[in-house]
There are 2 protein chains.
Amino acid sequence: MDAIDLNLVDLLRGNARLSYAELARQVGLSAPAVHERVGKLESSGVIRAYRAEVEPETIGLGVTALIGIVEDSGADTDDVLEAFRGIPEIESCYFMAGVESFLLKARVGTIAELEQLIVRLNRTPGVASTRTGIALSTKWENRPQAVAPPPA
Amino acid sequence: MDAIDLNLVDLLRGNARLSYAELARQVGLSAPAVHERVGKLESSGVIRAYRAEVEPETIGLGVTALIGIVEDSGADTDDVLEAFRGIPEIESCYFMAGVESFLLKARVGTIAELEQLIVRLNRTPGVASTRTGIALSTKWENRPQAVAPPPA
DNA sequence: AGGTTGAGGTCGATGGCGTCCACGGACTGT
DNA sequence: ACAGTCCGTGGACGCCATCGACCTCAACCT
């Protein structure tokens with residue numbers, strides 16, 4: 001993980017579809033060298049995936065909610081986690097410090113669907129209570145912060 | 001936005017680096033047709049960006065926090081927003097219903113940096129108070145949920 | 001009914017790109 | 001000094017991106 005690797009990571013976080021040839025130009029190496037570096041970044045787990053970022057409203061997922069979960073005393077956290085994993089509407093799942101063990105980011109199409117989701121969450125074994133906040137608008141999301149040192 | 005478009009969106013949310021030729025095979029069209037469809041999805045704003053998803057710890061961003069913001073009564077929300085926009089550690093920013101106007105997802109390297117960030121947030125004009133939750137671990141994040149109808 | 005138009009597809013060609021391989025220079029430990 | 005390793009380059013070859021020409025079908029107008 002030298003400066004060139006960080007540079008590649010920044011470039012790919014900005015645009016995952018850059019060609020190896022273009023990446024090579026940007027970092028000042030040959031295309032095969034970049035190809036090998038990126039391959040290593042992928043197989044070592046630094047780069048987890050390449051994803052298209054989609055405007056959620058346009059694909060029928062216009063409602064975003066953030067949901068805090070309080071577990072039952074004595075609940076099996078792993079079981080709760082597995083139950084959450086099976087719910088596709090839960091896009092992100094953080095295990096938190098504090099009274100609320102989990103914070104979930106969920107995306108659904110309508111408020112009615114959100115209601116159903118909350119009911120389902122409250123019914124899953126191990127969940128004591130939920131607290132839901134609705135995002136009125138998403139100002140930005142997953143903005144990548146640059147990590148490469150500025151070029152000397 | 002027909003079924004093929006939704007299919008393309010799902011494919012690219014799963015792997016943004018798929019070639020047009022491969023996408024074409026998956027949806028049963030020719031490569032130029034897919035090229036044109038994807039181009040339209042991009043220019044119409046359905047596809048916002050293509051991003052490499054990186055394991056944050058590996059690039060020195062091991063601390064994730066979720067921060068609720070209460071505004072001063074009479075604060076200018078737009079000004080607060082602009083101030084937040086200038087803070088690179090804030091990866092996501094949601095405008096929320098409820099007492100806390102904003103919910104921020106921030107990523108920093110160390111707890112010390114988080115402390116500095118919170119101080120900075122509390123100092124920005126219009127911010128009355130902050131409430132910070134620390135993510136002990138991220139179970140998953142930005143998991144794409146499929147939107148395409150299953151192939152008949 | 002027939003002609004026109006436009007959207008959206010296929011096909012073929014071409015230039016650039018991804019990817020494999022052989023080779024070479026710098027660092028390291030002995 | 002020397003061998004081994006790492007990491008790079010350059011060349012070669014086949015696939016891919018991308019453009020233009022053409023086709024098809026449906027909607028619409030006259």
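All chains are named by letter (A, B, ...) in the order of the sequence lines, taking the proteins before the strands, and each is independently numbered beginning at 1. Note that these values count all heavy atoms, side chains included, but never hydrogens, waters or copies made by symmetry.
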With 3.5 Å as the limit, what N/O pairs link the protein to nucleotides 22-25 of chain D?
none

_Counting only heavy atoms and a strict 4.0 angstrom limit, can you tell me which residues of residues 32-47 of chain A come near DNA chain C?_
A:Pro32, A:His35

_Whole-Å gap separating C1' (D:dC16) and CD (A:Glu22)_ = 17 Å

*Transitive ILVMFWY cluster of B:Val119, excluding itself - 4.5 Å side-chain cut-off*: none

*Just report the end-to-end axis angle for the helix from C:dA1-D:dT30 to C:dT30-D:dA1, five pairs per end, to 10 degrees.*
20°

*Is A:Leu81 reachable from A:Leu103 through a run of hydrophobic residues whose side-chain heavy atoms are each under 4.5 Å from the next?*
no

_Residues forming a ring-ring contact (aromatic ring centres under 6.0 Å, His included) with A:Phe102, sequence neighbours excluded_ = A:Phe84, A:Phe95

*asked:* Taking side chain to side chain contact (heavy atoms under 4.5 Å, CB included) as the definition, give me every residue that meets it alongside B:Glu89, ordered by chain and number, with sequence neighbours left out.
replied: A:Gln145, B:Ile87, B:Val108, B:Leu117

*Would you mind listing every side-chain hydrogen bond (donor to acceptor under 3.5 Å, both in side chains) that reaches into residues 54-65 of chain B, with sequence neighbours excluded?*
B:Thr64-B:Arg107

*Closest heavy-atom contact between B:Thr132 and B:Ala65?*
CG2-CB, 4.0 Å

_Which atom of A:Asp10 lies closest to which atom of A:Ala148, heavy atoms considered_ = OD2-N, 2.8 Å

*What are the residues of residues 2-20 of chain A, sorted by number, that bring a heavy atom to within less than 4.0 Å of DNA chain C?*
A:Ser19, A:Tyr20

*Hey, which of these two, A:Leu29 or B:Arg25, hits DNA chain D nearer its 5' end, going by closest nucleotide?*
A:Leu29

*Might you confirm whether atom CD of B:Glu115 has over 12 heavy atoms from other residues, nucleotides or ligands at distances under 6.0 Å?*
no

*asked:* Test question: given the 4.5 Å side-chain rule for I, L, V, M, F, W and Y, name all other residues clustered with B:Val54, or answer none.
replied: A:Met1, A:Ile4, A:Leu6, A:Leu8, A:Val9, A:Leu11, A:Leu12, A:Leu18, A:Tyr20, A:Leu23, A:Val27, A:Leu29, A:Val34, A:Val38, A:Leu41, A:Val46, A:Ile47, A:Tyr50, A:Val147, B:Ile59, B:Leu61

*Which pair of non-hydrogen atoms, one from B:Ala16 and one from A:Ala52, has the smallest distance, and what is that distance?*
CB-N, 3.6 Å

*Which of the following nucleotides, C:dG18, D:dT18, D:dT9, is nearest to the side chain of B:Ala31?*
D:dT18

*Qualifying residues under salt bridge (charged side-chain N to carboxylate O under 4.0 Å, His left out), relative to B:Glu71, sequence neighbours excluded*: none

_Please give the remaining members of the hydrophobic cluster of B:Val99, linking ILVMFWY side chains under 4.5 Å, ordered by chain and number._
B:Val70

_With B:Arg17 via salt bridge (charged side-chain N to carboxylate O under 4.0 Å, His left out) - residues at least two apart_ = none

